[in-house]
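Below, read A as the first sequence line, B as the second, and so on, with proteins coming before strands; counting in each chain starts at 1. Predicted model only: the values in this text are computed from it and were never measured.
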Protein chains: 2
Amino acid sequence: MSSGESGVRYAAAPEAAACVFCAEDGGDVLWRDARLRVIAARGEPDYPGLCRVIWNAHVTEFSDLSAVDREHLMRAVVVVERALRATLNPNKINIASLGNMIAHQHWHIIPRFSDDAHFPRPVWAAAQREPCASRHTARVAAAAGVGAAVRDALQREFG
Amino acid sequence: MSSGESGVRYAAAPEAAACVFCAEDGGDVLWRDARLRVIAARGEPDYPGLCRVIWNAHVTEFSDLSAVDREHLMRAVVVVERALRATLNPNKINIASLGNMIAHQHWHIIPRFSDDAHFPRPVWAAAQREPCASRHTARVAAAAGVGAAVRDALQREFG
């Protein structure tokens, strides 16, 4: 069992024992509070700046969370989205909560560019092209600022 | 310009003139209020019950919406998710707001089954298998109840 700021107690689901997001942070932690953490993804070379908001407790579906917790989660998602937009100026932001492989509530916030590997298809679809190396390099450089931008923005939001 | 219940006025983006979600409902409308509509998708034979929540005004990013409007949108998303869970008992719900092709704020709520065409991959990835015909047929039949379930649940939520 774990207890969030909201006072809600979450029963650990049986699958939690084998859950990677219960065992590990799941990336470089940019922010953490009692209920959630925001991580910079590792192993996503095509998508510099890709962040994930991961609920700390092993909750599977968005609708398993209380209204108060859903609001807290979506506040984090929107703060991350804004920090990515300000830092990288992407053509589009993609937001997704899938969880088919890791059934532990988490949200992908993905900055997309019209010339990235998969655009305009989702990042999980077949690649459309080899991205332009110089533009990609510039984005990797800009994404070095994402961690501080996300941390600062979440600090301002949640204090 | 259009005006939502919240009193916020949205400037129509230049691209709105060519936007399919400005020109058309985008599916069979299950619910509509001043700010959003919920549609049953057409042309998704692999995913009976797939619903979309579409913002009525041409707003591109989630973070372009006010906090009040984001809350209204996510209340609709969670109500649809719960109605899909109750009607279809899926193994997982996938939620996504991508908008790379139609840059008009909309959310996919997709019931997933461990033996569906793409599981555990996202529905946009390469297919993993031909779904079992009899199970798929049973889901198509069950999905006939999604429209009423979504409508009733949104009516209870928003009155």
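Between A:Asp28 and A:Arg42, at least one side-chain N (NZ, or NE/NH1/NH2) sits under 4.0 Å from a carboxylate O, which counts as a salt bridge. Ionic pairing of A:Glu44 and A:Arg52 is present here: one or more N-O contacts between side-chain nitrogen and carboxylate oxygen are shorter than 4.0 angstrom.
Your options are A:Asn100, A:Ile110, A:Val78, and the one with the most heavy-atom pairs under 4.5 Å with chain B is A:Asn100. If you tally non-hydrogen atom pairs under 4.5 Å between each of B:Ser97, B:Ala96, B:Ser114, B:Ala125 and chain A, the highest count goes to B:Ser97. Ranked by heavy-atom pairs under 4.5 Å with chain A, the first of B:Asn91, B:Val77, B:Ile95 is B:Ile95. Ranking B:Ala126, B:Pro122, B:Gly99 against chain A, the residue ahead of the rest is B:Pro122, based on heavy-atom pairs under 4.5 Å. Considering only heavy-atom pairs separated by less than 4.5 Å from chain A, the leading option among B:Arg70, B:Glu71, B:Met101, B:His108 is B:Arg70.
Ring orientation note: the planes of B:His72 and B:Trp55 are nearly perpendicular, at an angle over 60° on the 30°/60° scale.
Proximity to chain A (any heavy atom under 4.5 Å) is shown, for B:Phe62, by both the backbone and the side chain.
Cation-pi geometry between B:Arg135 and B:Phe113 is not met: the NZ or CZ atom fails to fall both under 6.0 Å from the ring centre and inside 45° of the normal.
When side chains are defined from C-beta on, B:Val123 counts as touching B:Arg112, because their heavy atoms get closer than 4.5 Å.
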